[in-house]
*Asks:* 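Here it is, the structure, as structure tokens.
If you read the sequence from its start, that first residue is 1, and numbering goes on from there.
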Amino acid sequence: MNSPQYMFEASSKPSLPWHEVPLLYATDASVQGYGCLVDDPTEFEIEITRWPQQGWRPIDDGTGDEGGFVEGTFKCDWRGDVLYGENDAVAGNYVLGWSAGPQQAQSQNQTQPRDQVLLWHMNYHPDGGQLFFPLDKSPFIVPLALPGDNLHPDKVVAFWCDGQKGLYIHAGIWHEGVFPVHDQQRFLDRQGAVHARVSADIGQEFGVYLACPLREDKARHI
């Protein structure tokens, strides 16, 4: 069984070194290749990946990409030092990360400033793209990596979003939800209905947690 357990006590994870992820301002230019910024989600269409051809006979035209999308609210909630996520679109609940080492992190009380979120996991969806559009207009960050199963911590970057636009990511882009700078935040989530998911446990595979800065003064332009 290779599906990760998404709900757990932070203290069940080991203490590991941190790998600091570079933080970039999300602009039309900087997010190219990963996706795009979205001003208005009303008419924005989600890309659906066409079913792959199995043999020499081709998929019939107009078929194989009709699964459509699902939509709901993605809620992020800091409880003490631990960041929780809830995705109504796919009925998912997650521990996204923590602001202190997992052996020190407390969900009842905030023990230190939230300068970063320590990320234990990333995933991608091969069946379609995904849109996160902020319903609460406040800053957030999104860690991303380009497609390919040879994920490595050095390939991960985080984008600082000011909360005025949404972020759309293509199918196959590594990500792990959205991380609010403040205590709570809600997003419109729209993604492929098949919801295929490929996961990587960063701590188990690489022996580190990804430290994604939550401070704008850490962000840079490219």
Side-chain angles (χ1 to χ4, degrees), residues 3-7 26-28 30-52 59 62-79 82-97 117 119 121-147 157-200 212:
S3 296
Q5 179 67 39
Y6 285 106
M7 293 300 293
T27 65
D28 291 331
S30 68
V31 302
Q32 279 190 6
Y34 299 92
C36 63
L37 298 178
V38 176
D39 293 298
D40 182 359
T42 307
E43 302 296 331
F44 190 84
E45 294 188 8
I46 301 297
E47 301 162 298
I48 302 299
T49 304
R50 197 176 188 202
W51 192 266
I59 304 294
T63 70
D65 57 359
E66 302 166 278
F69 62 86
V70 290
E71 182 175 300
T73 303
F74 194 106
K75 305 170 186 173
C76 301
D77 181 18
W78 279 103
R79 303 176 204 166
V82 183
L83 179 61
Y84 293 85
E86 179 181 350
N87 188 351
D88 292 342
V90 294
N93 291 276
Y94 323 99
V95 172
L96 297 173
V117 56
L119 181 62
H121 170 269
M122 292 189 81
N123 71 97
Y124 70 84
H125 305 302
D127 61 292
Q130 187 168 11
L131 170 66
F132 297 106
F133 193 87
L135 301 174
D136 305 311
K137 304 297 185 182
S138 58
F140 61 95
I141 72 161
V142 185
L144 302 176
L146 293 171
V157 297
F159 289 94
W160 175 276
C161 304
D162 64 10
Q164 304 308 304
K165 296 183 179 183
L167 180 64
Y168 173 74
I169 60 173
H170 298 305
I173 296 294
W174 289 96
H175 65 286
E176 182 56 297
V178 280
F179 300 158
V181 173
H182 302 305
D183 288 347
Q184 297 175 321
Q185 199 164 4
R186 299 169 304 137
F187 299 83
L188 168 69
D189 173 74
R190 189 180 295 157
Q191 62 187 102
V194 172
H195 190 222
R197 186 173 61 208
V198 179
S199 289
C212 301

*Asks:* Using 0.5 Å steps for rounding, measure from the CG atom of Asp136 to the CD atom of Gln184.
*Replies:*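 Answer rounded to 0.5 Å: 8.5 Å.
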*Asks:* Quick one: do the His175 and Tyr34 side chains pair a donor with an acceptor below 3.5 Å?
*Replies:*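 No donor-acceptor contact under 3.5 Å links the two side chains.
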*Asks:* Which pair of non-hydrogen atoms, one from Pro126 and one from Val198, has the smallest distance, and what is that distance?
*Replies:*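 Closest heavy-atom pair between Pro126 and Val198: CD-CG2, 4.3 Å.
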*Asks:* Can Asp77 and Lys75 be counted as an ion pair, charged N to O under 4.0 angstrom?
*Replies:*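 Judged by the 4.0 Å cut-off on N to carboxylate O distance, Asp77 and Lys75 do not form a salt bridge.
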*Asks:* State, with a plain yes or no, whether a side-chain heavy atom of Phe69 is found less than 4.5 Å away from one of Glu45.
*Replies:*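 Phe69 does not reach Glu45 side chain to side chain.
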*Asks:* For Pro143, is there any backbone N or O sitting under 3.5 Å from a side-chain donor or acceptor partner on Glu176?
*Replies:*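 No, because the side chain of Glu176 does not come within donor-acceptor range (under 3.5 Å) of the backbone of Pro143.
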*Asks:* Nearest 0.5 Å, please: how far is CZ in Phe140 from CG in Leu167?
*Replies:*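 Answer rounded to 0.5 Å: 6.0 Å.
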*Asks:* For residues Val90 and Gln191, determine if any side-chain heavy atom of one lies less than 4.5 Å from a side-chain heavy atom of the other.
*Replies:*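 Contact flag for Val90/Gln191 side chains = yes.
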*Asks:* Can you sort out the partners of Asp183 under salt bridge (Lys or Arg N to Asp or Glu O under 4.0 Å), two or more places apart, ordered by chain and number?
*Replies:*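 Once residues adjacent in sequence are excluded, the partners of Asp183 under the salt bridge (Lys or Arg N to Asp or Glu O under 4.0 Å) criterion are Arg114.
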*Asks:* Is the count of non-hydrogen atoms from other residues, nucleotides or ligands lying under 6.0 Å from Glu66 atom CD greater than 12?
*Replies:*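 Correct, the count exceeds 12.
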*Asks:* Show your reasoning for whether side chain to side chain donor-acceptor pair (under 3.5 Å) applies to Thr42 and Asp40.
*Replies:* CA-CA 6 Å; Thr42 307; Asp40 182 359; 2.6 Å; yes
*Asks:* Measure the CH2-CG distance between Trp174 and Asn123 for me, rounded to the nearest 0.5 Å.
*Replies:*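 CG of Asn123 is found 7.5 Å from CH2 of Trp174.
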*Asks:* Do Tyr124 and Pro147 have side chains that get closer than 4.5 Å, going by heavy atoms?
*Replies:*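 Sidechains of Pro147 and Tyr124: no contact.
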*Asks:* Which atom pair, heavy atoms only, marks the closest approach of Cys36 to Val31?
*Replies:*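 Heavy-atom minimum between the residues: CA-CG2, 3.8 Å.
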*Asks:* Rounded to the nearest 0.5 Å, what separation is found between the CG atom of Asp162 and the NZ atom of Lys137?
*Replies:*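 NZ of Lys137 is found 9.5 Å from CG of Asp162.
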*Asks:* Apply side-chain hydrogen bond (donor to acceptor under 3.5 Å, both in side chains) to Arg50 and list each qualifying residue two or more places apart in sequence or on a separate chain.
*Replies:*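 For Arg50, no residue satisfies side-chain hydrogen bond (donor to acceptor under 3.5 Å, both in side chains) once neighbours in sequence are set aside.
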*Asks:* Considering residues at least two apart in sequence or located in another chain, which fulfil the side-chain hydrogen bond (donor to acceptor under 3.5 Å, both in side chains) criterion with Glu47?
*Replies:*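 Once residues adjacent in sequence are excluded, the partners of Glu47 under the side-chain hydrogen bond (donor to acceptor under 3.5 Å, both in side chains) criterion are Tyr168, His170.
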*Asks:* If you look at every heavy atom in His121 and Ser199, which pair is closest and at what distance?
*Replies:*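 Minimum heavy-atom separation between His121 and Ser199: NE2-OG, 3.0 Å.
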*Asks:* List in chain and number order the residues that pass side-chain hydrogen bond (donor to acceptor under 3.5 Å, both in side chains) with Asp88, two or more places apart in sequence or in another chain; answer none if no residue qualifies.
*Replies:*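 Here no residue qualifies.
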*Asks:* Is the cationic atom of Arg190 (NZ for Lys, CZ for Arg) positioned less than 6.0 Å from the six-membered ring centroid of Phe133 and within 45 degrees of its normal?
*Replies:*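 That pair does not qualify as a cation-pi contact.
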*Asks:* Could you check whether any side-chain heavy atom of Leu96 comes within less than 4.5 Å of a side-chain heavy atom of Val117, counting everything from C-beta outward?
*Replies:*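 SC-SC contact between Leu96 and Val117 ruled out.
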*Asks:* What's the spacing between Phe44 CZ and Leu188 CG if we round to 0.5 Å?
*Replies:*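 Result: 11.0 Å between the selected atoms.
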*Asks:* Working to the nearest 0.5 Å, report the span between CG of Asn87 and CZ of Phe132.
*Replies:*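 Taking CG in Asn87 and CZ in Phe132, the distance rounds to 7.0 Å.
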*Asks:* Which heavy-atom pair separates Pro134 from Gly163 by the least distance, and what is that distance?
*Replies:*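 Reported closest heavy-atom pair: CG-O, 3.3 Å.
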*Asks:* So, using ring-ring contact (aromatic ring centres under 6.0 Å, His included) as the criterion, who are the partners of Phe179 when residues are at least two apart?
*Replies:*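 Partners of Phe179 by the ring-ring contact (aromatic ring centres under 6.0 Å, His included) criterion come out as none, since no residue qualifies.
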*Asks:* Show the nearest heavy-atom pair for residues Gly177 and Val142, with the distance to one decimal.
*Replies:*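 Closest approach of Gly177 to Val142: O-CG1, 3.7 Å.
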*Asks:* Is the closest side-chain heavy-atom distance between Val95 and Tyr84 below 4.5 Å?
*Replies:*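 Counting from C-beta outward, Val95 and Tyr84 do come under 4.5 Å.
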*Asks:* Could you work out, with salt bridge (Lys or Arg N to Asp or Glu O under 4.0 Å) as the rule, every residue matching Asp28, not counting sequence neighbours?
*Replies:*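 If we apply the salt bridge (Lys or Arg N to Asp or Glu O under 4.0 Å) test to Asp28, skipping adjacent residues, there are no hits.
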*Asks:* For Leu131 and Val38, run side chain to side chain contact (heavy atoms under 4.5 Å, CB included): C-alpha distance rounded to whole Å, both residues' side-chain angles, the deciding distance at 0.1 Å, then the answer.
*Replies:* CA-CA 8 Å; Leu131 170 66; Val38 176; 3.7 Å; yes
*Asks:* Any idea which heavy atoms bring Pro139 and Gln185 closest together, and the distance?
*Replies:*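 Shortest heavy-atom contact: O-OE1, 3.3 Å.
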*Asks:* Kindly indicate, with the supporting measurements, whether the criterion side chain to side chain contact (heavy atoms under 4.5 Å, CB included) is fulfilled by Ser138 and Val181.
*Replies:* CA-CA 8 Å; Ser138 58; Val181 173; over 6 Å; no
*Asks:* Hey, what's the ring geometry for Tyr94 with Phe74, parallel, tilted or perpendicular (30° and 60° as the breaks)?
*Replies:*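 Answer is parallel, since the angle falls under 30°.
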